[in-house]
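Here's the structure, in structure tokens; my notes come after.
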There are 2 protein chains.
Amino acid sequence: MSDLLERLRGRGWRMTAQRRVVAEVLDGEHVHLTADEVHARAVAKLPEISRATVYNTLGELVSLGEVLEVATDKRAKRYDPNAHRPHHHLICAGCGAIRDVHPSGNPLADLPDSERFGFTVSDVEVTYRGLCPNCAAA
Amino acid sequence: MSDLLERLRGRGWRMTAQRRVVAEVLDGEHVHLTADEVHARAVAKLPEISRATVYNTLGELVSLGEVLEVATDKRAKRYDPNAHRPHHHLICAGCGAIRDVHPSGNPLADLPDSERFGFTVSDVEVTYRGLCPNCAAA
DNA sequence: ATCCCACACTGGACAACGTCCAAGTCAAGC
DNA sequence: GCTTGACTTGGACGTTGTCCAGTGTGGGAT
């Protein structure tokens, strides 16, 4: 993802300090941050960046397909920079930790036509829930 | 689900007019209502019922396992009274319509041990996305 | 190098959704 | 019918996210 900035520039993105900072934050360790966490980390690098800009930038990255929104049952959306390798998520019900996982099989194929109600089905999102080793031990 | 009230009474629930109304609302046509929609319908039957009570009651129904929370990408959680028959959801990206679906296969079995990271995986939630016939035609 | 302006950013108000709490009310067992 | 503790109320508050008018600026044109 180090070439994210290049890809964005290639798509006609105007490169600003704020956008660079947001991209850098997402480019760090592969975690699933909320918008506010992204904002907090961005502020550490560029103190005057505003919440609105972070929200705007995240929204743009999502519509460009560079970042995925993950809707867990938590209150806030999380942003997943690992958009270029399809994957699903495993969430700990205890501490909220999120791991990327790669199930075998293709859930899309598991939905028979009779269960599609005429929909054009284009995407599937699988969320596994359970307890991580720490929370299971507690 | 007409015996919902009985089941709840059996679990030691104190039966109040408010709880009865909320249960009746969920017992109607099988749709996926937001908390505010539940509140609106409840007010129609019992004008003084408060938002807080609806939230409380929904939360209790969820922890009793009588109702499921559905986290779509929309802002508000939706409540699914069809908790006793496992199923997944198909959501229209255009209009937000939600259908219950029953895929073949078992996604839980599709997650190999090597992808479980020591988690105790207990549940899986599958969300299909696409366009309903109406939105696809538009 | 500089100018210019469309696009981006800011900060704060606002909106949607949900939670919390003190005080009042009521279901249900005696 | 009492009593009591669980339930409800209404409103304040918190969190997450959106919007907008005013200001700033990247980067192509000159």
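Everything quoted here is computed from the prediction, not taken from an experiment. When reading the values below, keep in mind they use all heavy atoms of this one structure, side chains included, and skip hydrogens, waters and symmetry mates. Chain letters run A, B, ... following the sequence lines, proteins first and then strands; every chain starts at 1.
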From CZ of R19(B) across to C1' of dT8(D) the rounded distance in Å is 9 Å
Exercise for the section: Select base, sugar-phosphate, or nothing to describe what T53(B) touches, counting heavy atoms under 4.0 Å on all strands. Expected result: base
| What does A52(A) touch in the nucleic acid at a heavy-atom separation under 4.0 angstrom: a base, only the sugar-phosphate, or nothing? | base
Between E60(A) and R19(A), is there a side-chain N and carboxylate O pair less than 4.0 Å apart? yes
request  = Measure distances between side-chain N and O atoms of R14(B) and base N and O atoms of dC7(D), and say whether any donor-acceptor pair falls under 3.5 Å.
outcome  = no
Distance-only polar pair, side chains of D100(B) and H88(B), donor-acceptor under 3.5 Å
no
By the 4.0 Å heavy-atom rule, please label A17(B) as base, sugar-phosphate, or nothing. nothing
When rounded to whole Å, the OH to C1' distance for the pair Y55(A) and dA8(C) reads 19 Å
Determine the contact category for R51(B): base if any of its heavy atoms lies under 4.0 Å from a base atom, sugar-phosphate if only primed atoms, P, OP1 or OP2 are that close, otherwise nothing.
base
DNA chain C nearest-nucleotide lookup for N56(B) and W13(B): closer to the 5′ end is N56(B)
Q. Counting N and O atoms only, with roles assigned by atom type, does the side chain of R129(B) sit under 3.5 Å from a partner on the main chain of S122(A), one being a donor and the other an acceptor?
A. no
Of G12(B) and T34(A), the one whose nearest nucleotide on DNA chain D sits closer to the 5' end is G12(B)
Note to self: For a quick test of reading the model: is some side-chain N or O of S50(B) closer than 4.0 Å to OP1 or OP2 of dG11(D)?
What the structure shows: no
Side chain to side chain contact (heavy atoms under 4.5 Å, CB included) assessment of V62(A) paired with L68(A): CA-CA 6 Å; V62(A) 168; L68(A) 291 179; over 6 Å; no
